[in-house]
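Report on the following structure.
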Number of protein chains: 2
Amino acid sequence: MNAVHEASTCAVAATAEIIGAKWTALLVHDLSEGPRRFSELEHSCSGISPRTLAERLRALEQEGIVERHSYPESPPRVEYELTGKGESLLPIIDAMRLFGHSWLPCHHQH
Amino acid sequence: MNAVHEASTCAVAATAEIIGAKWTALLVHDLSEGPRRFSELEHSCSGISPRTLAERLRALEQEGIVERHSYPESPPRVEYELTGKGESLLPIIDAMRLFGHSWLPCHHQH
DNA sequence: CTGGATCCCATTTGATACTG
DNA sequence: CAGTATCAAATGGGATCCAG
């Protein structure tokens, strides 16, 4: 038990609160390839309800992970994009992807 | 949208289910330095209840992330240790630690 | 010391319908 | 299209007491 380890613990715990929320890792992963619209995220996060998606996006916006861009057109268009802070989460997502590939065979049917 | 990206999505989602559970990242981080006893983990995960700690450890054991070693002594001693699968989660934990250090100033008081 | 059993509450998430 | 409103359900997690 030392100060260095305690600081690590704190950093890990704080990061876990962000990335651990349901759907969050998936959303960041989807946004890693560029801006996405609400309906696009709704489709790629298959199973998420619009209520939950809206709430997650608001939380990520408040945490400075994503930016919301609203274009007052008709039909309305809103895009979500990773910030610099959000992009620095990508190494975590990538490590998760590698772990999943190695240890969690995907049984998804196409 | 392509098959490669869908496979990534699946891997990330499955890993998120493991690492996203509360306390899990912290537990794996604590166990990264070697085997730990129940009471040691209880102390380092400050605030966790024995009920929750026991539940998390059981889940991690079933997922093959940790191994439980029971020594029938008096007083009883039980140690938890990362498996190979558990150790392969460490790159994720390390990426989380780096993110936390860069973006999440720790206000913890000593 | 290492938990199991029980009770209970707060938060999160989902389903569905609806609106500007 | 991009959400909001409402209700219901699941889940997580703390407190407490108890046992091997």
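Every chain is numbered from 1 and lettered A, B, ... according to where its sequence line falls, protein lines coming before strand lines.
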Worksheet item: Could you give the angle between the helix axes at the two ends of the helix from dC1(C)-dG20(D) to dG20(C)-dC1(D), with five pairs per end, rounded to 10 degrees?
Response: 50°
Length of the line joining [X]:[atom1] and [N]:[atom2], which is rounded to integer Å:
X: Phe38(B); N: dC1(C); atom1: CZ; atom2: C1'; answer: 10 Å
X: Arg58(A); N: dT12(C); atom1: CZ; atom2: C1'; answer: 14 Å
X: Arg68(B); N: dC1(C); atom1: CZ; atom2: P; answer: 16 Å

Discussion item. Please tell me whether Leu98(B) and Leu104(B) are part of a single hydrophobic cluster in this structure, the criterion being side-chain heavy atoms less than 4.5 Å apart.
Written reply: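 No, separate clusters.
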Worksheet item: What heavy-atom pair brings Leu90(B) and Ser32(B) nearest, and what distance separates the two atoms?
Response: CD2-CB, 3.5 Å
Item to complete: Please report the shortest heavy-atom distance between Arg97(A) and Val12(B), naming the atom on each side.
Response: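 Nearest pair, atom of Arg97(A) first, then Val12(B): CB-CG2, 3.9 Å.
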Worksheet entry | Mutual orientation of the aromatic rings belonging to His29(B) and His5(A) [parallel < 30°, tilted 30-60°, perpendicular > 60°] |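 Answer is parallel, since the angle falls under 30°.
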Fill in: Residue pair Glu79(B) / Glu81(B), side-chain heavy-atom distance below 4.5 Å
no
Practice prompt. Under 4.0 Å from any heavy atom of chain A: name the first and the last nucleotide of DNA chain D that qualifies, 5' to 3'.
Written response: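 It runs dC1(D) to dT6(D).
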Practice prompt. For dT2(C), take OP1 and OP2 only and decide whether either is under 4.0 Å from a side-chain N or O of Ser39(B).
Written response: yes
Practice prompt. Please indicate whether Glu17(B) has more than 12 foreign heavy atoms, meaning atoms of other residues, nucleotides or ligands, lying under 6.0 Å from its CD.
Written response: no
For the [atom1] atom of [X] and the [atom2] atom of [Y], what is their distance to the nearest 0.5 Å?
X: Glu55(B); Y: Leu60(B); atom1: CD; atom2: CG; value: 10.5 Å
X: Cys45(B); Y: Arg36(B); atom1: SG; atom2: CZ; value: 11.5 Å
X: Lys85(B); Y: Ser88(B); atom1: NZ; atom2: OG; value: 8.0 Å

Item to complete: Show the numbers, then the answer: is there a side-chain hydrogen bond (donor to acceptor under 3.5 Å, both in side chains) between Thr52(A) and Trp23(A)?
Response: CA-CA 9 Å; Thr52(A) 302; Trp23(A) 302 110; 5.4 Å; no
Discussion item. I'd like to know if the side chain of Thr24(B) reaches the main chain of Gly20(B), judged simply by a donor and an acceptor atom lying under 3.5 Å from each other, with no hydrogens or angles considered.
Written reply: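 Not confirmed, Thr24(B) side chain does not pair with Gly20(B) backbone.
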Worksheet item: How would nucleotides 13-20 of chain C be written as a contact map, 5' to 3', with B for base contact, S for sugar-phosphate-only contact and - for no contact, using protein heavy atoms under 4.0 Å?
Response: BBB----B
Discussion item. Classify Tyr80(A) by what it touches in the nucleic acid, base, sugar-phosphate, or nothing, heavy-atom distance under 4.0 Å.
Written reply: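 It contacts sugar-phosphate atoms only.
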